[in-house]
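One structure is given here, and the rest of the page talks about it.
When reading the values below, keep in mind they use all heavy atoms of this one structure, side chains included, and skip hydrogens, waters and symmetry mates.
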Amino acid sequence: MTIPLSGEDLDAELGTRLDALCSMLHEEPFATAPIEAAGAELATLGHLGKFGLRCTTEVLGPGLLALPEFQPVERYAERIALAMGALGTGFTGANAESVLAQQESMQRSLLKAVRDANWNLKESEARFNEVVSSSTNGVLIVDLDGRLLTVNAAIGHILGSTSDELTGTPLLDLIEPGFAEMLREAMTDLAAGATERVRQSQRLLRKDGDFARVTLTASLLRGADDEPIHFVVVVEDGTELELLQSELQRQSLHDALTGLPNRQFFTTQLETALRKADPEHGITVFHLDLDAFGMVSDTFGGRVAERLLQHVTQRLKALLAGEKAMIARFGGDEFGVLLENTATTPAIGVIMKSVNDELLLEPTYVDGRGLAVSVSAGVVHRPAEGAEPADVLRAAERALRKAKTGRRGQWELFHPGQDAEDRRDDALAVHMPAAWEDGEITVRYRPIAGLADGAVSGVEPVLHWDRPDFGVLDHDTCARLAETTGLVLPLGEWLLKVAGGQSTWWRQRSQFDRSLAVRLTAHQSADGDLVSRVVTVLDQTGLPPDRLMISMPCGVLPVVDAADNLTVLARMGVKTAIDEFGLGPLDFGRLASGLPVRAVRVARSLVEARSPYVVALLPLVREQGVVVAVDGISSAEQARWWREAGADYATGDHFGVASPPGEFLERLEPR
């Protein structure tokens with residue numbers, strides 16, 4: 001390749017070559033070959049074309065003849081003429097060769113460009129074919145008339161046909177009837193340039209007659225003249241995705257362990273059932289809870305507990321197989337049952353008895369261990385028209401909590417006024433801490449009398465809440481409300497401290513020196529800090545341990561912490577007793593279990609009943625070396641009956657209502 005010189009460099013170069021030419025003209029013998037070579041070299045400078053050469057020779061010839069060194073002219077005229085010819089010949093020959101060389105180089109470049117373009121095209125086609133062949137999506141090349149020109153293997157797999165069977169088939173023939181017209185219109189718009197791409201959810205006919213749910217994307221390919229040549233259609237199989245989405249949705253609405261619907265699904269179905277309930281029979285909603293499930297889990301581990309839940313699931317399904325029922329797992333050990341009642345649906349009591357008999361009398365065996373549990377339930381029967389699912393579930397949960405209060409294996413039916421009562425109780429429980437701090441809650445005292453002579457043998461401190469906007473709340477109500485929020489622990493310790501201090505004050509002033517009997521709730525009885533709380537109060541008040549009696553609900557004694565607390569308190573010298581003693585086999589079993597019990601207080605329900613059954617069993621209680629007390633005695637006739645039945649002590653309005661400390665001392669008269 002020749003690189004042209006700049007103007008300044010060219011002048012210097014031409015001056016040098018002119019000197020060389022003059023020397024060649026003087027050479028002896030004279031020869032034109034060197035001058036012809038000089039002409040060829042002149043062509044390589046890149047500044048002279050054929051017109052430049054003509055101008056050069058026209059100037060150079062006369063100019064040389066005019067130079068003094070070429071005088072006389074006659075002697076050098078011939079040489080100069082021959083030199084001009086040789087110079088032109090060399091230049092022209094070299095210039096022609098340069099043009100030929102450039103043409104050859106250009107031809108080689110063009111050939112290389114064509115070869116590279118063909119290679120790139122083949123490589124691009126190969127890559128395209130590889131992508132199309134290996135794609136999991138179907139790829140169709142469709143002519144402008146809508147027939148398949150080329151298809152890949154993936155579309156054959158989607159439709160259950162071979163590529164050869166599909167080639168030549170009209171694309172619209174593969175579309176489910178009713179959907180083809182929508183695609184036809186879209187393809188027409190695409191061909192007309194009204195849109196750049198078509199994307200639709202479609203249903204393609206499979207060879208086996210079924211339908212494949214797909215997403216179809218079509219675009220238009222144009223030629224070099226920008227005219228449409230064919231369509232490219234990509235088909236994405238959505239069948240597996242749809243199945244996966246369905247499975248994920250199913251899993252999101254079902255419990256993984258039991259396979260039952262979860263609370264969310266249950267709520268949705270409940271909404272439908274409430275709207276379509278049979279006007280005569282209605283629906284029933286059960287909120288079930290396994291009793292002592294936590295004990296099973298803590299004792300035997302999570303695997304055994306999970307097996308137990310699966311067993312309960314299968315038993316519930318079997319028991320309700322003949323009913324139009326939906327069983328769900330709400331979480332943990334809680335289940336829900338939606339029962340669409342018919343004329344033959346068993347009564348609620350029959351259903352609950354069947355459930356508990358099935359689970360208690362027929363245990364399941366896991367790792368060689370026989371496991372049996374009872375079930376407590378809250379039941380909403382025939383909810384009111386227009387009831388919301390959330391309200392029904394909340395009502396069932398409230399009824400369940402009531403069923404589990406101090407009992408196991410029981411069920412409670414929600415009644416229409418219960419929700420208002422529960423809401424009222426919730427409001428009271430929330431305001432209770434502030435009322436305590438403001439002094440609305442006080443401690444009052446009621447006497448414990450001997451039934452034999454009516455003499456006061458002890459005193460029981462009780463909570464008294466005089467609420468200005470509601471009225472007076474007694475001890476049992478205060479304790480129940482405090483139990484729901486956990487306030488019962490600090491409030492119970494405060495009651496013990498206040499009563500212990502009052503008892504010490506009376507004793508120091510020789511006004512009253514009898515036992516102080518304090519009733520605990522279930523939560524207090526199982527409190528891990530109960531013993532330390534009692535020790536602290538005894539130290540602070542100076543109350544002797546043998547002047548304090550602590551009683552616990554009978555139903556809480558199976559809890560290990562409660563039984564341990566009772567035993568430790570007895571070792572400290574504190575008298576211990578059992579409340580809500582029901583005279584049943586389990587209650588007598590607790591007396592015979594070795595717990596250090598000094599007294600029992602008969603359950604309130606038995607106090608009102610006064611049945612011969614009680615008369616027959618009380619001597620058996622006294623044979624255990626414990627004394628018997630009753631609560632709720634409101635008349636002399638009641639007191640006489642229980643005295644004759646064998647009871648030792650009693651409390652109730654007949655012996656004195658709960659009163660402030662001063663009034664309590666004034667009423668210490670035997671009755």
Side-chain angles (χ1 to χ4, degrees), residues 291-292 374 376 401-412 446 448 451 458 460-463 474-484 488 492 495-496 517-527 530 549-563 565-567 569-570 574-593 595-611 613-618 620-622 624 626-634 638 642 645-653 655 658:
D291 300 323
S374 60
S376 297
R401 290 205 303 264
K402 186 166 290 188
K404 290 178 69 70
T405 303
R407 300 174 295 171
R408 294 293 182 269
Q410 303 296 312
W411 61 275
E412 186 78 21
R446 64 175 185 163
I448 300 173
L451 286 172
E460 179 183 3
V462 295
L463 295 169
D474 62 15
H475 176 85
D476 290 340
T477 302
C478 290
R480 176 172 56 81
L481 294 176
E483 185 90 338
T484 61
V488 71
L495 178 144
L496 181 59
V518 178
R519 284 187 291 159
L520 303 183
T521 66
H523 195 179
Q524 286 177 283
S525 302
D527 177 23
L530 174 63
M549 174 175 282
I550 296 289
S551 62
M552 297 182 178
C554 190
V556 80
L557 292 178
V559 179
V560 175
D561 288 344
N565 284 337
L566 192 73
T567 301
L569 290 173
V574 176
K575 298 173 184 177
T576 53
I578 297 177
D579 278 333
E580 293 296 317
F581 194 80
L583 299 177
L586 292 177
D587 302 278
F588 277 98
R590 285 162 190 146
L591 282 182
S593 66
L595 290 174
V597 177
R598 297 279 297 274
V600 298
R601 178 152 30 190
V602 178
R604 276 286 189 95
S605 59
L606 297 177
V607 173
E608 297 291 337
R610 289 187 283 173
S611 69
Y613 167 78
V614 174
V615 176
L617 291 178
L618 278 186
L620 299 179
V621 177
R622 302 188 67 172
Q624 300 294 323
V626 299
V627 298
V628 178
V630 292
D631 185 21
I633 302 299
S634 58
Q638 262 189 324
W642 278 100
D648 300 294
Y649 299 97
T651 53
D653 291 350
F655 298 102

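Salt bridge status for R519 with E580: absent, with no side-chain N to carboxylate O gap under 4.0 Å. Salt-bridge check for R446 with D474: failed, with every basic side-chain N at 4.0 Å or more from each acidic carboxylate O.
Annotation: R401, atom CZ; neighbour count of heavy atoms from other residues, nucleotides and ligands within 6.0 Å is above 12.
Nearest heavy atoms, A517 versus I448: CB-CD1, 3.6 Å. The heavy-atom pair separating G582 from L606 by the smallest distance is O-CD1, 3.4 Å. Annotation for S551 and D579: closest pair OG-OD2, 2.8 Å, computed over non-hydrogen atoms. In terms of heavy atoms, A650 sits closest to L451 at CB-CD2, 3.6 Å. The heavy-atom pair separating G409 from D291 by the smallest distance is N-OD2, 2.7 Å. Considering all non-hydrogen atoms of both residues, R622 and G646 come closest at NH1-O, 2.9 Å.
Between atom CG of residue L463 and atom CG of residue L495 there is a gap of 5.0 Å, rounded to the nearest 0.5 Å. Atom CD of Q638 sits about 4.5 Å away from atom CD1 of I633, to the nearest 0.5 Å. One finds the CG atom of N565 at 11.0 Å from the CD atom of Q524 (value rounded to the nearest 0.5 Å).
In this structure the side chain of K575 never reaches within 4.5 angstrom of the side chain of I550, judged on heavy atoms. Residues D527 and D561 have side chains not in contact (no heavy-atom distance under 4.5 Å, counting atoms from C-beta outward). Inter-residue side-chain proximity for L617 and F588 is flagged as met; some heavy-atom pair is nearer than 4.5 Å. A heavy-atom distance below 4.5 Å is found between the side chains of L530 and M552. Between V630 and Y649, the closest side-chain pair of non-hydrogen atoms is not below 4.5 Å. Within the 4.5 Å cutoff, the side chain of V626 has no heavy atoms near those of the I578 side chain. In this structure, the side chains of V607 and W642 come closer than 4.5 Å at one or more pairs of heavy atoms.
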* To do: Would you check, one step at a time, whether the test side chain to side chain contact (heavy atoms under 4.5 Å, CB included) holds for T576 with L595?
  => CA-CA 9 Å; T576 53; L595 290 174; over 6 Å; no

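Side chains of S376 and Q410: a donor-acceptor N/O pair is absent below 3.5 angstrom, by distance only. D631 and T651 are linked by a side-chain donor-acceptor pair at a separation below 3.5 angstrom, with hydrogens and angles left out of the test.
Remark: side-chain polar atoms of R598 are not paired, donor with acceptor, to backbone N or O of V627 under 3.5 angstrom. Using a distance-only test at 3.5 Å, with no hydrogens or angles considered, no donor-acceptor pair links the side chain of H475 to the main chain of V462.
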